[in-house]
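Below, all heavy atoms of this structure are taken into account, side chains as well, without hydrogens, waters or symmetry copies.
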Amino acid sequence: MANREKNKKILLELLKRPDNSRCADCGAPDPDWASYKLGVFVCLNCSGVHRSMSNRVKSIQLDYWEDQLVAFMKSNGNASARALYEKAVPVYYYQPQQKDYEVLREQWIRAKYERMEFTGETKFFGLLPGFYEGILWKKGKDNMQFLKRKFVLSDREFTLTYYNKEDESKGPKAVISIKDLNATFQPEKISHPHGLQLTYQEDTHTRNLYVYHECPEEIVTWYNAIRAARYAYLKTAYPTGSDEELIPKITRNYLKEGFMEKTGPSLTEPFKKRWFSLDSQSRKLLYFKGKLDAEELGVIFIGTESKGYCVKECIPKQARGNKWKFGVMVETPERQFVFMCEQEREQREWLDVLRQVMSRPMAPQDYTSKFLILSYLMMAWW
C-alpha cells in the first residue's frame with residue numbers, strides 16, 4: 001500500500017510540470033490518465049482513443065502503477081513526446097482542442113502515434129502535386145438526399161471544383177474560389193459524425209454545401225487539404241502577413257448557431273422561425289429558413305457600438321405569431337431587428353456573442369463587407 005501511494009504521489013508531482021499539466025493531445029487542463037506505452041499524460045476523452053489503439057492507458061488516481069511504469073513516465077512526458085511525434089506538423093494542419101468534435105481529436109491522435117505523420121521521417125501529404133481529389137457524399141441543394149460527387153481541390157488555381165458525375169468530360173457543377181471558402185465540422189447539424197459544411201460566396205449570396213465521407217481519416221484529410229490550399233492562397237494574397245496573423249483566417253467555426261423567431265422591419269409582421277449563424281470573423285449574422293439551406297434568406301452586418309450598433313433584451317409590443325418569449329433587439333444605423341428565443345439561456349448566449357462582436361474594432365475589410373451587404377439589401381428592398 002505504501003508503494004502504491006508513493007508512486008501515485010510521484011505521478012501527481014509529474015502532472016505539476018507545465019507540459020504535463022494539460023492533455024498531450026487536446027490541451028484539456030488537469031489530465032488524469034496516462035499512456036504508459038507512449039509516456040504521455042492525457043484527459044479522459046483522449047484516453048479512450050489511446051485505448052482503442054492499444055496504447056495501454058491507466059488512471060493516475062484509480063489504478064495501481066508499478067515502479068518501472070512510473071520510472072518510464074518520469075523519463076518521458078508530454079514535452080519529449082511532442083518533440084518526437086509533433087516534430088514536423090504542417091503549419092496549416094488543424095490541431096484540435098478540448099471541445100472539438102471527436103472525429104478531429106481521434107484522427108489527430110491516430111495521425112501522430114499510429115500513422116507517424118509528423119515525425120519528419122515521412123512527408124505529410126500536403127498538396128504537393130497541386131491538387132487533392134476524391135469522392136464525397138453531398139446533400140442536394142433543395143432536398144435531403146446525399147449523393148456521391150467528385151471533388152477536385154487545386155492550390156495552383158485556388159479552386160475547389162465538384163462534378164455531378166465522376167466523368168469530368170461533362171463539365172463541373174461548380175468552380176469555387178478558395179478566396180472565400182470556409183470549412184467547418186457540423187456532425188449534429190448534418191446528422192453524420194463526419195459531416196462537414198463548406199461555405200463560399202456566390203454573387204451576393206452565401207452558399208452552403210453539406211458533405212461527408214464514411215471514412216473519418218478521409219474527411220479529416222479533406223479538411224486539412226482545404227486548410228493547406230487556404231494557407232497557400234493567404235500567403236499569396238498577404239505576402240507580408242505572419243503565420244500568427246494568417247492561421248486564424250484559414251478556417252473558422254461559427255461563434256453561435258441556432259433557431260430564433262424573426263419579424264419584419266415594421267415589427268408588426270408575424271414572427272417566423274429561422275436558423276441563425278453568427279460569423280464573427282466577417283461580422284455577419286445570417287439567417288436561413290432551415291438549418292441545412294443552401295442559401296441564406298438575409299444577412300445583418302454587426303458593426304461596433306461606436307458606429308451606432310447595439311444589442312439588448314426586449315419585449316416587443318404588438319407582437320404576432322411568436323411562440324417564444326425571450327426577446328433580443330439588434331439596432332443598426334439602418335433599422336431595428338427583433339428576434340425571440342425559446343429559452344432565457346439562449347437569449348443570454350445571443351446577447352453575449354453579439355456584444356462580443358460589437359466590442360471588437362472593425363478592420364478595413366469590414367467596411368467593404370458592410371457596403372456590399374447594404375448594397376444587396378437596397379437591391380432586395382427595391
Side-chain angles (χ1 to χ4, degrees), residues 1-90 93-120 184-188 193-195 216-217 219-220 223-224 247-248 253 255-256 345 349 352:
M1 181 62 69
N3 193 51
R4 179 190 183 102
E5 290 304 313
K6 181 195 76 172
N7 284 342
K8 179 180 176 180
K9 184 177 180 180
I10 292 172
L11 291 169
L12 291 174
E13 286 297 319
L14 290 175
L15 283 173
K16 292 180 181 179
R17 296 178 180 177
D19 287 306
N20 295 335
S21 65
R22 290 187 171 272
C23 174
D25 299 318
C26 76
D30 306 317
D32 51 5
W33 289 76
S35 166
Y36 59 92
K37 177 181 178 181
L38 299 169
V40 294
F41 295 93
V42 296
C43 68
L44 175 62
N45 287 334
C46 291
S47 74
V49 181
H50 282 273
R51 185 179 290 108
S52 71
M53 295 164 54
S54 301
N55 274 345
R56 303 192 188 97
V57 295
K58 280 179 179 281
S59 168
I60 303 296
Q61 298 280 359
L62 304 177
D63 290 327
Y64 174 72
W65 285 78
E66 295 85 356
D67 290 348
Q68 65 270 26
L69 296 184
V70 173
F72 180 75
M73 295 302 299
K74 198 172 182 179
S75 62
N76 288 277
N78 293 0
S80 59
R82 281 197 190 95
L84 172 61
Y85 296 107
E86 299 181 26
K87 181 181 179 181
V89 181
Y93 194 98
Y94 185 77
Q95 300 182 35
Q97 303 301 305
Q98 178 183 4
K99 294 183 179 180
D100 277 313
Y101 290 110
E102 181 181 355
V103 65
L104 277 167
R105 287 189 295 105
E106 179 185 0
Q107 289 306 308
W108 167 239
I109 293 169
R110 290 187 179 277
K112 284 201 294 183
Y113 307 117
E114 189 175 66
R115 301 194 291 270
M116 307 283 283
E117 291 183 2
F118 313 124
T119 61
T184 179
F185 274 91
Q186 297 275 21
E188 289 105 347
H194 311 151
E217 180 182 349
I219 197 66
V220 174
Y223 178 63
N224 281 297
I247 289 171
N253 298 328
L255 190 56
K256 181 170 173 59
R345 173 187 57 81
E349 290 175 355
D352 288 344

Distance in Å, M73 CE paired with L11 CG, rounded so as to fall on 0.5 Å steps: 7.0 Å
Side-chain heavy-atom pair R51, W33 within 4.5 angstrom cut-off: yes
Residue pair Q107, R115: steps toward the side-chain contact (heavy atoms from CB on, under 4.5 Å) verdict: CA-CA 10 Å; Q107 289 306 308; R115 301 194 291 270; 3.2 Å; yes
Pairwise side-chain contact, W108 with Y93, heavy-atom cut-off 4.5 Å (strictly under): yes
N3 side chain reached by Y64 side chain, heavy atoms, under 4.5 Å: yes
Least distance between heavy atoms, Y94 atom then N224 atom: N-OD1, 2.8 Å
Non-hydrogen side-chain atoms of N76 and L38 separated by less than 4.5 Å: no
Verdict with supporting geometry, I219 and F185, side-chain contact (heavy atoms from CB on, under 4.5 Å): CA-CA 10 Å; I219 197 66; F185 274 91; 4.0 Å; yes
Atom of C23, atom of R82 and distance for their closest heavy-atom approach: O-NH2, 3.8 Å
Partners meeting side-chain hydrogen bond (donor to acceptor under 3.5 Å, both in side chains) with R110 (sequence neighbours left out): S52, E106, E114
Separation of N253 CG from T184 OG1 (nearest 0.5 Å): 3.5 Å
Side-chain touch P90/F118, heavy atoms, less than 4.5 angstrom: yes
With K256 via salt bridge (charged side-chain N to carboxylate O under 4.0 Å, His left out) - residues at least two apart: E349
Side-chain heavy-atom pair H50, I109 within 4.5 angstrom cut-off: yes
NZ-CD1 distance between K74 and I10, expressed to the nearest 0.5 angstrom: 5.5 Å
Inter-residue atom distance N20.CG - D30.CG, 0.5 Å rounding: 12.0 Å
Gap between atom CG of D32 and atom CG of D63 - 0.5 Å precision: 10.5 Å
Non-hydrogen atoms of C43 and A28 that approach each other most closely: CB-CB, 4.0 Å
Atom pair CG (N7) and CG (L69), whose distance is rounded to the nearest 0.5 Å: 9.0 Å
Side chain proximity check, R22 to Q98, heavy atoms < 4.5 angstrom: no
Shortest non-hydrogen contact between Q95 and Q97, atoms and distance: O-NE2, 3.0 Å
Nearest heavy-atom neighbours spanning Y36 and W65: CB-CZ3, 3.8 Å
Minimum-distance pair of heavy atoms, taken over all atoms of V40 and A24: CB-CB, 3.9 Å
Test item: E102 and P193 side chains (from C-beta on) under 4.5 Å apart, heavy atoms: no
